[in-house]
Amino acid sequence: MGERPGTEQIDETTDASGVKKPKATRDAYGDTLLELGKEREDIVTLDADLSGSTKTAKFAKAFPDRFFNIGIAEQDMVGTAAGLALTGKVPFASTFAVFETGRAWDQIRLTVCYSNTNVKLVATHSGITVGEDGASHQALEDVALMRALPNMTVIVPSDAAETSLAIRAVADFLGPVYVRLGRAKVPYVMPDNYEFKIGKAHVFSTGKDANIIANGLMVDMAVRAAEMLKLEGIDCGVINMSTVKPLDEVALLAAAKASKILVTAEEHSIIGGLGSAVCEFISEHSPMPVKRVGVLDTFGCSGDPDELLKFHGLTAENIATTVRNAL
Amino acid sequence: MSLATKGKITNVQELMALSKKVRGSILQMLTKSGSGHTGGSLSAADIAVAIYFSKMNYNADNPSMPERDRFIMSKGHAAPLVYAIMAEAGYFHTDTMNTLRTIESPLQGHPCCQKLPGIEVSTGSLGQGLSVANGMALGLRLDKNPARVFCIMGDGEIQEGQVWEAAMTSAHYGIDSLCAVVDCNGLQIDGPVEKVMNINPVGDKWRAFGWHVIEIDGHDMQQILSALDEAEKTKGKPTAIIANTTKGKGVSFFENKVEYHGVTPSEEQLVKALEEINNG
């Protein structure tokens with residue numbers, strides 16, 4: 001480790017048993033953006049008064065001339081990012097997911113996607129693990145909003161290491177991208193030798209009974225659910241579908257052909273996100289039962305992030321139960 | 001010889017002749033397509049002609065030339081005006097104007113940068129051009145590229161909140177390479193701007209947002225040229241030209257008629273309209 005680009009800044013701090021301590025994906029973003037800023041002059045960053053929370057403040061401090069705080073004005077931030085991209089810059093525009101995708105959706109549609117500008121929308125504070133701030137700040141619809149736009153690539157990394165690799169891949173990629181990150185610390189789940197590629201799913205294992213398709217912080221839970229099911233004699237595989245668009249159809253089809261059922265798991269509304277994307281593809285190409293674990297058609301609420309995950313059934317236990325019931 | 005290779009034009013008579021030609025192209029294009037925005041294309045014609053042909057550094061044969069000045073028609077429904085100017089400038093053959101608003105045409109109902117080289121960014125959803133103009137100007141500044149950025153908005157358009165977000169950004173970052181024009185023709189789809197949602201006093205608003213403001217008659221070519229010169233010389237802050245114009249300018253039966261915002265001339269009207277423009 002250490003030589004591979006994108007891994008040098010990962011927090012290697014380990015606990016007593018040698019396991020890497022959890023780290024928020026937003027922290028990995030801030031670290032990687034800073035590194036990219038050192039390596040590339042064309043990287044610029046914009047924020048809408050949340051740079052301390054989105055972690056773009058690290059870039060801002062190091063490269064004040066290439067950082068543009070637009071104030072509390074997400075629509076203007078997106079338009080300004082498009083303009084910067086049109087002069088050859090690679091703008092990373094960040095704020096909370098609910099404001100980035102909701103407040104500025106028409107700006108993303110017209111000046112980013114329709115104009116096909118090289119804008120990188122990296123949003124933090126997605127999902128219910130925003131916690132105590134409550135529903136107004138918990139984006140549960142952002143993947144649906146972004147996935148519906150032509151030309152848009154949508155990525156939901158599972159841990160800090162994958163986030164670093166994804167941000168590097170996104171910087172090299174030409175075209176609009178939405179990256180969905182979180183506020184809470186999440187455990188490392190991807191293997192050390194993992195290589196991130198946009199549009200390529202990571203197959204942890206392929207199950208003969210069931211396969212779980214997950215992304216974001218639900219990947220770790222999916223892995224634990226599969227371990228629980230294994231003890232009961234249920235052969236359940238796990239796929240990290242970190243790129244929601246374009247979907248890795250090859251990996252998905254292989255999982256579908258191998259097993260009797262599929263279960264999706266995401267920290268997002270079951271409407272329009274990963275679960276929907278999987279159902280859309282499976283219903284046309286390999287019809288079979290698909291169950292979706294996610295937030296039901298409802299808003300979130302205030303609370304401790306871990307308690308909120310339990311409250312909404314976003315747990316390894318509930319994924320396992322969903323698999324059992326479907327079989 | 002295309003105007004692209006002819007260089008900048010500063011002669012008032014010559015520019016006025018170009019305005020007439022551009023107005024004629026707009027009307028012919030719109031009559032042929034049968035849909036599109038007549039009034040707002042005619043009101044901004046003199047300003048747009050002056051910006052393009054007296055001020056802008058462009059190359060129709062190399063639309064992505066890095067040192068080019070940038071032009072954004074934020075009120076994207078004035079697309080026919082942009083197309084008429086681009087045809088005159090040599091970006092495409094004048095016959096292409098006959099394809100306006102048809103399926104395979106690069107001349108979409110509202111400007112599309114992915115289909116027509118020379119369009120800097122797609123517009124059509126109002127209020128977004130100024131933000132993009134700011135971003136371009138900031139990017140050019142980082143590159144120490146002296147290119148300038150022009151952005152035309154409508155007076156109805158500045159009812160959009162994003163315009164004022166962008167106005168703050170331009171002033172906050174002291175973007176003096178930016179010249180914005182508000183085409184104040186006084187009418188929007190549902191009626192007079194002051195009746196639908198009053199925006200007055202327009203000049204005071206831009207001044208309060210930290211802009212250098214120049215108020216002119218948007219059909220007086222001499223005033224337009226002076227304002228564009230003043231904008232170029234103004235340092236440390238962005239310039240807004242508040243251009244008082246007439247919707248449908250140049251054709252008596254379209255002038256100040258709100259119903260001709262999005263209605264095109266009939267064949268009979270076209271003949272009469274072209275006559276008026278050529279004799280005007």
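Proteins get letters first, then strands, A, B, ... in listed order; numbering begins at 1 in each. Since the structure is predicted, the reported quantities are computational estimates derived from the model, not experimental observations. Worth knowing before you read on, the calculation uses all heavy atoms, side chains too, and leaves out hydrogens, waters and symmetry mates.
The environment of CD in A:Glu41 is sparse: at most 12 heavy-atom neighbours from other residues, nucleotides or ligands sit within 6.0 Å. Around the CG atom of A:Asp297, the shell of radius 6.0 Å holds no more than 12 heavy atoms that belong to other residues, nucleotides or ligands. Residue A:Arg147 qualifies as enclosed at atom CZ: its count of foreign heavy atoms under 6.0 Å is above 12. With a 6.0 Å radius and a threshold of 12 heavy atoms from other residues, nucleotides or ligands, A:Arg66 has its CZ atom above the threshold. Environment of CE in B:Met197: sparse, with no more than 12 heavy atoms of neighbouring residues, nucleotides or ligands closer than 6.0 Å.
Considering only heavy-atom pairs separated by less than 4.5 Å from chain A, the leading option among B:Ile119, B:Asn134, B:Leu142 is B:Leu142. Ranked by heavy-atom pairs under 4.5 Å with chain A, the list B:Ala147, B:Ser122, B:Cys113, B:Ser64 is led by B:Ser122.
Between the CG atom of A:Asp65 and the CG atom of B:Leu138 there is a distance of 11.0 Å, given to the nearest 0.5 Å. Atoms OG and CG, from B:Ser125 and A:Asp106 in turn, are 3.5 Å apart once rounded to the nearest 0.5 Å. Here the CD-CD distance, from B:Glu165 to A:Glu74, works out to 7.0 Å after rounding to the nearest 0.5 Å. Rounded to the nearest 0.5 angstrom, B:Met136 CE and A:Leu84 CG are separated by 10.0 Å. For the atom pair A:Tyr114 OH and B:Lys115 NZ, the distance stands at 5.5 Å (nearest 0.5 Å). Here B:Ser131 contributes atom OG and A:Ile70 contributes atom CD1; the two are 8.5 Å apart, rounded to the nearest 0.5 Å.
Proximity to chain B is limited to the side chain of A:Val44, based on heavy atoms less than 4.5 angstrom apart. Both the backbone and the side chain of B:Gln162 come within less than 4.5 Å of a heavy atom of chain A.
The nearest pair of heavy atoms linking A:Ser115 to B:Gln114 is O-NE2, 2.9 Å. Counting all heavy atoms, side chain and backbone alike, A:Lys89 lies closest to B:Gly139 at CE-O, 3.8 Å. Scanning all heavy atoms of the two residues, the minimum distance from B:Thr123 to A:Leu110 falls at CA-CD2, 3.9 Å. Minimum heavy-atom separation, B:Tyr173 to A:Phe67: OH-O, 4.4 Å.
Between the side chains of A:Asp76 and B:Thr169, at least one donor N or O lies within less than 3.5 Å of an accepting N or O.
At a heavy-atom separation below 4.5 angstrom, chain A is approached by no residue within residues 71-85 of chain B.
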